[in-house]
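Here the structure is a predicted model, which means the values were calculated and not measured.
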Amino acid sequence: MSGALNWVILGLSITSSWGNGHATTYRGLVRELCAQGHRVLFLERDMPWYAAQRDLPAPPYGQTRLYDSLEELKDRYADAVRDADVVVVGSYVPDGIEVGRWAQREARGLVAFYDIDTPVTLAALKRGACEYLSPALIPGYGIYLSFTGGPTLTHLERHYRAPRARALYCSVDAEAYTPQALPLRWDLGYMGTYSADRQPPLERLLLTPARADTALRMIVAGPLYPADIAWPANVARTEHLPPAEHPAFYNAQRYTLNITRADMVRLGYAPSVRLFEAAACATPIISDWWAGLDTLFTPGREILVARESGEVRDYLRRIADDERQRIGEAARRRVLAEHTAAHRAAQLADYAREALGEAAPTARSNNAFSAGAGGPT
């Protein structure tokens, strides 16, 4: 099957990147799907915490529509879902289980689940506590798109009876994330929302080296950190940075630190978008270790791996500046060759065509797009 497809994507958010990594992923995918000739309608539940922090209220690609409730979604967008070639339901969508049931009932085309939180999802399914996906729904999704690759894909197919489990990693906007000739303000920086499981490695790989060498300048950016954290004097703090400010943040660092959630470390093959963003800026990355990291970047040549604080200090003090720059540039070349949003959109379309079969695309009405052009309503 070839040609452009009509898509309906029901995702957590595309309009607000506050406190979530979904928005940047969806922005890149939707933009590149549209650039490759597809038509996309993105449906987002209008939640108050995102309404107050919308850094892209009217995405300039595809169509974005906000809905207030499950009832409104069903009333206004049933035709869109029925007439789409592909319907994608994302993880953490409010009322996600009912949204998935509804999409599977209504859609005449392919219905896929896009799990941007696969390790968290699998842990919650095991506990019987996942609010947006149930084991009974998984076989009804024609594709299970997973942020985690490797053995997890086999587990999804064998244990949960997913018809097709496919890796669809995060990606980077290669036009927005580029090297910039900025003054280097920080020896090491880290960006990430607070989580209890990431705090021990942050302590080990950034705060401990900062306390041991007060001449080093470091920064931690991200929301929700507890007020009782004792930040060393040479570690600056900043709250949420909108995506537009990410490139300058990375470009002002000699090195950036990547820390992975515990569930992602356990499963492996689960890269963070921060890896690709920093690499696209040619900022050398110091990362914790997890299985599959070496399938994305070559350790020692494209990325540096640290397990203990002493290794971080050695990197910061002993690597010559020209070698540091070579590592960053090598990582950038790898990302531009394999991990841009354009790569992911093409990969997603190929998965969809594979699942839809080799028949010519079914003619669809334009009901999915009858609401007119423009941003959220």
* State yes or no: do Val273 and Leu241 share one hydrophobic cluster built from I, L, V, M, F, W and Y residues joined by side-chain heavy-atom distances below 4.5 Å, directly or via other members? => no

* Asked: Between Phe276 and Phe297, what is the ring plane arrangement, given parallel below 30°, perpendicular above 60°, and tilted in between?
  -> tilted

* Got a salt bridge between Arg27 and Asp173, using NZ or NE/NH1/NH2 to carboxylate O under 4.0 Å? -> no

* Closest approach of Ala262 and Asp197, non-hydrogen atoms and distance? -> N-OD2, 2.6 Å

* To do: Report yes or no: do Tyr177 and His246 form a side-chain donor-acceptor pair below 3.5 Å?
  => yes

* For the residue pair Asp55 and Ser16, what are the closest heavy atoms and their distance? -> OD1-CA, 3.3 Å

* State, to 0.1 Å, how close Ala167 and Gly149 come at their nearest heavy-atom pair, and which atoms those are. => CB-CA, 4.0 Å

* Asked: Is there a chain of hydrophobic side chains (I, L, V, M, F, W, Y, each step under 4.5 Å between heavy atoms) that links Val111 to Leu43?
  -> yes

* To do: Apply the test salt bridge (charged side-chain N to carboxylate O under 4.0 Å, His left out) to residues Arg54 and Asp46: give CA-CA distance (whole Å), side-chain angles for both, the deciding distance (0.1 Å), then the verdict.
  => CA-CA 11 Å; Arg54 285 203 168 104; Asp46 192 6; 2.9 Å; yes

* Asked: Are there more than 12 heavy atoms of other residues, nucleotides or ligands under 6.0 Å from atom CD of Glu203?
  -> yes

* Keeping the roles fixed (side chain from Arg344, backbone from Tyr169), state whether a donor-acceptor pair exists under 3.5 Å. => yes

* Worked verdict on Val305 versus Arg307 for side chain to side chain contact (heavy atoms under 4.5 Å, CB included) -> CA-CA 7 Å; Val305 175; Arg307 294 172 175 84; 3.9 Å; yes

* Tell me, with the steps shown, if Glu44 and Ser13 meet side-chain hydrogen bond (donor to acceptor under 3.5 Å, both in side chains). => CA-CA 6 Å; Glu44 175 181 336; Ser13 182; 3.0 Å; yes

* Asked: Taking Glu106 for the side chain and Ala78 for the main chain, is one N or O donor matched with an acceptor at less than 3.5 Å?
  -> no

* Asked: In terms of heavy-atom contacts, does CD of Gln36 have more than 12 from other residues, nucleotides or ligands at under 6.0 Å?
  -> yes

* State whether the number of non-hydrogen atoms from other residues, nucleotides or ligands found under 6.0 Å of Arg161 atom CZ is greater than 12. => no

* Asked: Step by step, would you call Glu98 with Arg101 a salt bridge (charged side-chain N to carboxylate O under 4.0 Å, His left out)?
  -> CA-CA 5 Å; Glu98 183 53 36; Arg101 290 191 188 117; 3.3 Å; yes

* Asked: In terms of the angle between their ring planes, are Trp7 and His38 parallel, tilted or perpendicular, with boundaries placed at 30° and 60°?
  -> perpendicular

* **Flag side-chain contact, heavy atom, 4.5 Å: Ile327 against Glu323** => yes

* Is a side-chain N or O of Asn251 found less than 3.5 angstrom from the main chain of Gln180, in a donor-acceptor match? -> yes

* Among Leu275, Asn258, Asp294, Thr298, find the one that has a side-chain contact (heavy atoms from CB on, under 4.5 Å) with Ile303. => Leu275

* Please report the closest heavy-atom contact between Thr25 and Phe147, naming both atoms and the distance. => OG1-CZ, 3.6 Å

* **Atom pair CG/CZ of Leu133 and Phe113 - distance to nearest 0.5 Å** => 4.5 Å

* Do any N or O atoms from the side chain of Arg254 and from the backbone of Leu184 form a donor-acceptor pair under 3.5 angstrom? -> no

* Side-chain contact, heavy-atom cut-off 4.5 Å: Thr214 with Pro232? -> no

* Do Arg332 and Glu329 pass the salt bridge (charged side-chain N to carboxylate O under 4.0 Å, His left out) test, and can you show the C-alpha distance, the side-chain angles, and the key distance before you say yes or no? -> CA-CA 5 Å; Arg332 175 172 165 77; Glu329 290 163 0; over 6 Å; no

* Say whether Ser146 and Thr118, considering side chains only, have a donor N or O and an acceptor N or O under 3.5 Å apart. => yes

* Asked: For Tyr351 and Leu168, what are the C-alpha separation, side-chain angles and deciding distance, and is it a side chain to side chain contact (heavy atoms under 4.5 Å, CB included)?
  -> CA-CA 10 Å; Tyr351 289 156; Leu168 192 70; 4.2 Å; yes

* To do: Taking the side chain as every heavy atom from C-beta outward, state whether Leu73 and Trp102 have any pair of such atoms under 4.5 Å apart.
  => yes

* To do: Report yes if the side chains of Leu153 and Arg166 come closer than 4.5 Å at any heavy-atom pair, otherwise no.
  => no

* To do: Would you give the length of the straight line joining atom CG of Leu188 to atom CG of Leu257, rounded to the nearest 0.5 angstrom?
  => 5.5 Å

* Asked: Is any side-chain heavy atom of Thr295 less than 4.5 Å from a side-chain heavy atom of Tyr269?
  -> yes

* Asp187 (side chain) donor-acceptor with Leu216 (main chain) under 3.5 angstrom -> no

* Between Tyr67 and Glu72: side-chain donor-acceptor atoms closer than 3.5 Å -> no

* Asked: With a 4.0 Å cut-off, would you call Arg237 and Glu239 a salt bridge?
  -> yes

* Asked: Do Glu311 and Tyr315 have a side chain donor and acceptor closer than 3.5 Å?
  -> no

* Asked: Can you find a pair of side-chain heavy atoms, one from Arg45 and one from Tyr50, that are under 4.5 Å apart?
  -> no

* Heavy-atom closest contact (Leu56 atom, Tyr61 atom, distance) -> CD2-OH, 3.4 Å

* **Leu10 with Tyr132, same ILVMFWY side-chain cluster at under 4.5 Å** => yes

* Structure fact -> Residue pairs meeting side chain to side chain donor-acceptor pair (under 3.5 Å), one or both in residues 217-234, sequence neighbours left out, come to none

* To do: Could you check Thr340 against His343 for side-chain hydrogen bond (donor to acceptor under 3.5 Å, both in side chains), going step by step and ending with a plain yes or no?
  => CA-CA 5 Å; Thr340 68; His343 288 104; 2.7 Å; yes

* Asked: When the ring centroid of Phe42 is compared with that of Tyr26, is the distance short of 6.0 Å?
  -> yes

* **Aromatic plane relationship, Tyr160 with His155 - under 30° parallel, 30 to 60° tilted, over 60° perpendicular** => perpendicular

* Mind running side chain to side chain contact (heavy atoms under 4.5 Å, CB included) on Leu316 and Ile286 for me, showing each step along the way? => CA-CA 10 Å; Leu316 297 182; Ile286 299 173; 4.3 Å; yes

* Are Thr148 and Leu122 close enough that some pair of their side-chain heavy atoms sits under 4.5 Å apart? -> no

* To do: Report the C-alpha distance between Val312 and Thr208 in whole Å, list the side-chain angles of each, state the deciding distance to 0.1 Å, and finish with yes or no for side chain to side chain contact (heavy atoms under 4.5 Å, CB included).
  => CA-CA 10 Å; Val312 175; Thr208 296; over 6 Å; no

* Same apolar cluster (I L V M F W Y, side chains within < 4.5 Å links), Val30/Leu110 -> yes

* Structure fact -> Note: Pro243 and Ser17 closest approach over all heavy atoms is CD-OG, 3.0 Å

* Asked: Could you state the interatomic distance from CZ (Arg164) to CG (Leu145), rounded to the nearest 0.5 Å?
  -> 11.0 Å

* Measure from the side-chain N and O atoms of Ser91 to the backbone N and O of Ile116, and report whether any donor-acceptor pair falls under 3.5 Å. => yes

* **Cluster overlap Ile97 with Val87, hydrophobic side-chain contacts below 4.5 Å** => yes

* Salt bridge flag under 4.0 Å for residues Arg274 and Glu277 -> yes

* **Side-chain touch Arg261/Ser195, heavy atoms, less than 4.5 angstrom** => yes

